[in-house]
Amino acid sequence: MFHRSRRLRTNKQLFDAFNHYTDKLVNKGIAATTIVPSPNNFKIQLRNLFRSGLKLDGGIYGWRIDAANPAGRSGSAGMHIGKDFKLCLTDDATEEYARQLLRDGLTVYVQQPEVLGETAWLQMKKLITGKNTENTVKVPYIEVKKQK
């Protein structure tokens, strides 16, 4: 799992859930690791990981979909998404944009920026009018599907 849990609360929650779930799988022979992306050399870090020869079954990439081009970097190292490993991406991109990136072996979840914006405005409207607001409002990620 690649994560920036110190910078984004949603990534921290994903990171915590990943660790909680994978801890339960250790006795079944499953190994999991996390990588904190280098703020200055993440593309090189990612390239080095793929070239290391480490066998990956899958990855979770909780960052901008196009930030480091994991598909291109893995391919240049001889590893291909869908054939050699699976990849799950999370982003705040629109569903339409994320849909363009779909391919075999790649799952994309988005934060629904339109719903997030509308929900934020409704909370602000309640504050302005003096109505009670919720302490926590959850806007779930949705899986991006290919159009039929």
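Since the structure is predicted, the reported quantities are computational estimates derived from the model, not experimental observations. Numbers here are sequence positions counted from 1.
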Review point. Can you tell me if Asp23 uses its side chain to pair, donor with acceptor, with the backbone of Asn19 under 3.5 Å?
Key: no

Study note, to complete from the structure: Between Lys145 and Arg99 the two heavy atoms that sit nearest each other are O-NE, 2.8 Å

Check your understanding: Do you know which two heavy atoms are closest between Thr94 and Glu114, and how far apart they sit?
Key -> CG2-OE2, 3.5 Å

Study note, to complete from the structure: Separation between CG (Leu89) and CD1 (Ile81), nearest 0.5 Å, reads 7.0 Å

Practice item. Heavy atoms only: give me the nearest Glu95-Ile142 pair and the separation to one decimal. Key: OE1-CD1, 3.5 Å

Review point. If we only count heavy atoms from C-beta on, is the Lys86 to Thr107 side-chain gap below 4.5 Å?
Key: no

Check your understanding: What is the distance from atom CZ of Phe85 to atom CG of Leu106, rounded to the nearest 0.5 Å?
Key -> 9.5 Å

**Study point:** ILVMFWY cluster, Val115 and Trp121 together (side-chain gap under 4.5 Å)
**Key:** no

Check your understanding: Is the number of heavy atoms from other residues, nucleotides or ligands within 6.0 Å of NZ (Lys83) greater than 12?
Key -> no

Point to revise | Met124 and Ile128, any side-chain heavy atoms less than 4.5 Å apart | key: yes

Check your understanding: Roughly how far, to the nearest 0.5 Å, is the CG atom of Leu127 from the OG1 atom of Thr133?
Key -> 4.5 Å

Check your understanding: Which heavy atom of Asp91 sits nearest a heavy atom of Tyr141, and at what distance?
Key -> O-CE2, 4.2 Å

Review point. For the atom pair CD (Gln123) and CG (Asn135), what is the distance rounded to the nearest 0.5 Å?
Key: 9.0 Å

Review point. With the 4.5 Å side-chain cut-off for hydrophobic clustering, are Val26 and Phe18 part of the same group?
Key: no

Exercise for review: Identify the heavy atoms of Pro113 and Ala93 that sit nearest to each other, and give their distance.
Suggested key: CD-O, 3.5 Å

Point to revise | Whether over 12 other heavy atoms sit under 6.0 Å from Glu96 CD | key: no

Review point. Is any side-chain heavy atom of Ile30 closer than 4.5 Å to a side-chain heavy atom of Thr22?
Key: no

Exercise for review: Measure the OG-CE distance between Ser52 and Met79 for me, rounded to the nearest 0.5 Å.
Suggested key: 7.5 Å

Check your understanding: Which atom names give the shortest non-hydrogen contact between Glu134 and Val137, and what distance separates them?
Key -> CB-CG2, 3.8 Å

